[in-house]
Number of protein chains: 2
Amino acid sequence: MRRKVLDVAEVAFQARGYHASSLGDLMTAAGVSGGALHHHFPTKKALALAVIDERVAAAIKETWIAPVRQAASAREGVRQVFEAVAAELERQGFVRGCPLNNLAHELSLADPEFRIALAGIFAAWRQAIADKIRADQQEGREQGTDPEHFALVAVAAYSGAMSMAKTEQHAGPLRDCLAAFERSAAQAQSSQGDPGARRRRRVLRRFGGT
Amino acid sequence: MRRKVLDVAEVAFQARGYHASSLGDLMTAAGVSGGALHHHFPTKKALALAVIDERVAAAIKETWIAPVRQAASAREGVRQVFEAVAAELERQGFVRGCPLNNLAHELSLADPEFRIALAGIFAAWRQAIADKIRADQQEGREQGTDPEHFALVAVAAYSGAMSMAKTEQHAGPLRDCLAAFERSAAQAQSSQGDPGARRRRRVLRRFGGT
DNA sequence: TTATAAACAGGATGATCAACCTGTTTTGGA
DNA sequence: TCCAAAACAGGTTGATCATCCTGTTTATAA
């Protein structure tokens, strides 16, 4: 019952937003009485916090954190996620937007508890990518890359591209962002002829080695 | 009177969002009677459309489009805007987020008219940056850059970084994004040792020149 | 079996909302 | 000066909202 309410609330908050989703709507959609809902979630805010902590965080983990960890490298992981999300949007023919960003925009300024919960998910998201960059570096790749900067730009570009994709109802921005990312990756690879980068890599391989 | 209502609505929609701002709040804040408000804006939706068309579009023009056009180059313009916005946020000590993105997330799926109005602003924003890249190219710069890709990534990175800045209530993400951008620009410049790029530049300078 | 609490039902409540409507005032042109 | 239209006032309406309250059922453990 609690699970069903969370299912319905997750979908409704994602599709219509927090304020536009009334508890009456959720009760009807979930087939739940007011008493039951009030028992599990005394207030609407409590319900939203549960959705954020249990569902939105899980969505980021499944969509982003796990694939990036499993990928051959951070760049390859980011590329795969962009590709997978764009493909899924094209398959669905509809863009609902990023669950985290959708709620972050509506609720970050509404209540400090919302804001902190949402900020924590952003932080975990970025850290997973930065950690992957650091792992790459320990294996000799990505010597000139700042892990935090890379993670921030990846998350920011994804979030912003998804914003536009949602507004335009088209996966194009995600595709273009992916294309730009791949082009810059190719450029970075070709510019490894940069003498500074090559020297730095040798040094770090010797000093930071296994 | 109409102007005062728009002023108040712009601030309220930005700070609390569309659904969380009641017409009663706006009437009180603007010192306007219900009849006056209903006279100028028959429905709440009409008011929101006016805010989008007249205020949000103007904000993007002032903050982004005009500075980019006036800048020495597209990259320099983007850099300046990031710098100016980050400095302003640090001065205010509070992050309200990007007006366009705030409304885009809340309203894009709520109503097709909202969505189309918002998508138009995004398109104009991107086109101004892409046009500046093309102008740069006619002057011999940015030969290897795709104008649309560059514009999309700039807007996406800004939007996403601002999302995080709003959620974290800190300008850090904007600063980090700017730092990553400047680093990649330096890298791109150093990799202009790429023989193809150098040759292309000479050719275009001769052909497209003044 | 019985005691106890959790889970749930269904409705009541007061507040708030957007929209609307009927008058009154102000403005601008003839 | 006169008239018509725009601008505005102030209150009403019916709907909807989140919350809460009183019972009833179900599960758990002694």
Side-chain angles (χ1 to χ4, degrees), chain A residues 1-56 102-103 106-115 117-118, chain B residues 1-56 102-103 106-115 117-118:
Chain A
M1 186 109 300
R2 198 186 110 101
R3 184 197 185 97
K4 178 169 279 183
V5 171
L6 281 177
D7 288 343
V8 168
E10 180 185 3
V11 170
F13 290 167
Q14 166 84 331
R16 266 161 279 144
Y18 173 81
H19 288 102
S21 301
S22 77
L23 293 183
D25 293 343
L26 303 181
M27 283 161 54
T28 302
V32 170
S33 69
L37 191 146
H38 183 257
H39 173 73
H40 293 289
F41 307 102
T43 65
K44 192 182 183 185
K45 175 179 166 181
L47 171 59
L49 282 173
V51 168
I52 292 170
D53 289 339
E54 301 176 29
R55 302 305 181 92
V56 176
N102 286 348
L103 289 183
E106 187 175 8
L107 301 179
S108 279
L109 301 186
D111 189 288
E113 289 189 61
F114 286 147
R115 194 182 69 73
L118 294 160
Chain B
M1 187 106 302
R2 197 187 110 101
R3 183 196 185 98
K4 178 169 279 184
V5 172
L6 281 177
D7 288 343
V8 167
E10 179 186 5
V11 170
F13 290 167
Q14 166 84 330
R16 267 161 279 143
Y18 174 81
H19 288 102
S21 301
S22 77
L23 293 182
D25 293 343
L26 302 181
M27 284 161 53
T28 302
V32 170
S33 67
L37 191 146
H38 183 259
H39 172 74
H40 293 289
F41 307 102
T43 65
K44 192 182 183 185
K45 174 180 167 181
L47 172 57
L49 281 172
V51 168
I52 292 171
D53 289 337
E54 301 176 29
R55 302 306 180 92
V56 175
N102 287 346
L103 289 183
E106 187 176 6
L107 301 179
S108 280
L109 302 186
D111 189 288
E113 288 189 61
F114 285 147
R115 194 183 70 74
L118 294 160

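So you know, we letter chains A, B, ... as the sequences are listed, proteins then strands, and number each from 1.
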query: Hey, are the side chains of A:Leu118 and A:Ile52 touching, using non-hydrogen atoms and a 4.5 Å cut-off?
result: yes
- request: Find out whether B:Arg55 and B:Asp7 are in side-chain contact, i.e. whether some heavy atom of one side chain is under 4.5 Å from a heavy atom of the other.
  value: yes
[X] side-chain proximity, nearest of [options]:
X: B:Ala36; options: C:dA9, D:dA7, D:dA9; answer: D:dA9
X: A:Met1; options: D:dA18, C:dC8, D:dA7; answer: C:dC8
X: A:Lys44; options: D:dA18, C:dA9, C:dC17; answer: D:dA18
X: A:Ser33; options: D:dC8, C:dC17, C:dA9; answer: C:dA9

query: Considering heavy-atom distances to DNA chain D, does B:Met27 or A:Ala20 have its closest nucleotide positioned more toward the 5' end?
result: B:Met27
- line: Comparing A:Pro42 with A:Ser22, nearest DNA chain D nucleotide closer to 5' gives the residue A:Ser22
How close or far is atom [atom2] of [N] from atom [atom1] of [X], stated in whole angstroms?
X: B:Leu23; N: D:dT12; atom1: CG; atom2: P; value: 19 Å
X: B:Lys4; N: D:dA9; atom1: NZ; atom2: P; value: 11 Å
X: B:Arg3; N: D:dA7; atom1: CZ; atom2: P; value: 16 Å
X: A:Asp25; N: D:dC17; atom1: CG; atom2: C1'; value: 10 Å
X: B:Leu37; N: C:dA19; atom1: CG; atom2: P; value: 10 Å
X: A:His40; N: C:dA9; atom1: NE2; atom2: C1'; value: 12 Å
X: B:Leu47; N: C:dA19; atom1: CG; atom2: P; value: 10 Å

Roughly how far apart are [X] [atom1] and [Y] [atom2], rounded to 0.5 Å?
X: B:Leu37; Y: B:Arg2; atom1: CG; atom2: CZ; value: 11.0 Å
X: B:Arg16; Y: A:His19; atom1: CZ; atom2: NE2; value: 10.5 Å
X: B:Lys45; Y: B:Glu113; atom1: NZ; atom2: CD; value: 3.5 Å

message: Between A:His39 and B:Tyr18, which residue's closest nucleotide on DNA chain C lies nearer the 5′ terminus?
response: A:His39
- prompt: Just checking A:His38: base, sugar-phosphate only, or nothing, at a heavy-atom cut-off of under 4.0 Å?
  reply: base
